[in-house]
Amino acid sequence: MSTGDPNSQDSPFRHERTSRDEAPQFVLPLVARIEKASPPARTDALETAARAVLVMLSDARSSGDGEWAEAMRDWQDARIRKVVRRARGAEWRRAETLPGITVTGKSAEVRVFPPVPLDGWPKDLARLQVSGTDLDDPEPPAGPDPAAPVLWLNPEVDMSAGKAMAQAGHGAQLAWWDLSDAARTAWRDAGFPLAVRTAAPAHWQSLTTAGLPLVRDAGFTEIAPGSCTVVADHRALRD
């Protein structure tokens with residue numbers, strides 16, 4: 001399995017064409033519940049999406065002979081694509097009937113589904129909109145818990161909430177890949193505590209040179225290919 005090193009010739013996050021582009025392409029669908037009257041806070045939505053990716057990666061159905069294992073292997077052998085769509089009302093209720101896992105935050109609900117072919121989304125997911133995931137924080141988020149892993153966002157890259165949710169998911173996945181089995185188990189058993197925050201410019205510079213998992217976006221949507229979007233900082237990765 002790839003380590004997620006963006007400089008590796010086989011990295012799923014290189015923007016140049018690699019061997020991964022020759023494999024059948026899959027996407028991990030995430031659906032955020034965004035009701036008109038009560039949308040979730042942006043930071044909570046980002047954190048919930050990141051946890052949803054981790055829950056899917058660690059689920060027993062995603063490995064070995066599990067029912068989602070083949071799709072997960074096919075997805076991880078190609079480009080690591082995640083797409084976030086929004087749902088409300090009846091759309092959300094239909095999405096909940098499809099095989100997947102719903103993860104809840106303080107105000108956010110995100111349902112993650114096993115990977116599907118890039119051009120083979122289930123009908124009830126394909127009809128959902130990608131746009132309309134712009135969210136705000138009612139108040140600036142507090143500083144992260146020093147003991148919790150943090151997914152740091154690039155302060156110089158502007159992303160919609162949906163795009164940022166996908167990028168936070170990438171960062172969480174790279175951290176998961178780089179952790180030892182013992183560290184993965186401890187993180188999972190604790191309920192995947194994490195924070196998503198935007199780094200101060202000086203801090204961002206130090207993070208990108210610290211040898212931590214770094215997401216370089218392939219540039220399929222919104223931002224330029226090769227843009228650094230997220231650094232995953234987990235205490236176990238610094239030990």
Would you find more than 12 non-hydrogen atoms of other residues, nucleotides or ligands less than 6.0 Å from [X] atom [atom1]?
{"X": "R127", "atom1": "CZ", "result": "yes"}
{"X": "D189", "atom1": "CG", "result": "yes"}
{"X": "E70", "atom1": "CD", "result": "no"}

For [Y], is there any backbone N or O sitting under 3.5 Å from a side-chain donor or acceptor partner on [X]?
{"X": "R94", "Y": "L125", "answer": "no"}
{"X": "T48", "Y": "E109", "answer": "no"}
{"X": "R111", "Y": "G100", "answer": "yes"}
{"X": "D44", "Y": "G105", "answer": "no"}
{"X": "R184", "Y": "W176", "answer": "yes"}
{"X": "E91", "Y": "L128", "answer": "no"}
{"X": "Q205", "Y": "A202", "answer": "no"}

### Task
Find out whether the Lys NZ or Arg CZ of R73 is both under 6.0 angstrom from the six-membered ring centre of W68 and within 45° of the ring's axis.
no
### Query
Does the cation-pi check pass for R81 over W75, that is, NZ or CZ under 6.0 Å from the six-membered ring centre and within 45° of its axis?
no
### Task
Sequence neighbours left out, what pairs pass side-chain hydrogen bond (donor to acceptor under 3.5 Å, both in side chains) with at least one residue falling in residues 136-152?
T43-D137
### Task
Run the numbers on S227 and R216 for side chain to side chain contact (heavy atoms under 4.5 Å, CB included), then give the verdict.
CA-CA 5 Å; S227 299; R216 290 184 185 273; over 6 Å; no
### Query
Rounded to the nearest 0.5 Å, how far apart are CE of M56 and CZ of R61?
7.0 Å
Is [Y] close to [X] at the side-chain level, that is, under 4.5 Å between some pair of heavy atoms?
{"X": "W121", "Y": "V83", "result": "yes"}
{"X": "R85", "Y": "I34", "result": "no"}
{"X": "V31", "Y": "V84", "result": "no"}
{"X": "H234", "Y": "W187", "result": "yes"}
{"X": "L237", "Y": "P213", "result": "yes"}
{"X": "L194", "Y": "R51", "result": "yes"}
{"X": "V196", "Y": "M165", "result": "no"}

### Task
Please determine which of L212, V230, L214 meets the side-chain contact (heavy atoms from CB on, under 4.5 Å) test together with L207.
L212
### Query
Which of these passes side-chain contact (heavy atoms from CB on, under 4.5 Å) with Q167: V157, L46, T229, L151?
T229
### Message
Can you tell whether the side chains of R238 and D233 come within less than 4.0 Å, N to carboxylate O?
### Response
yes
### Query
Can we say R197 and E47 salt-bridge, meaning some charged N sits less than 4.0 Å from an Asp/Glu carboxylate O?
yes
#### Entry: Pairs touching residues 164-176 that satisfy salt bridge (charged side-chain N to carboxylate O under 4.0 Å, His left out), sequence neighbours left out
none
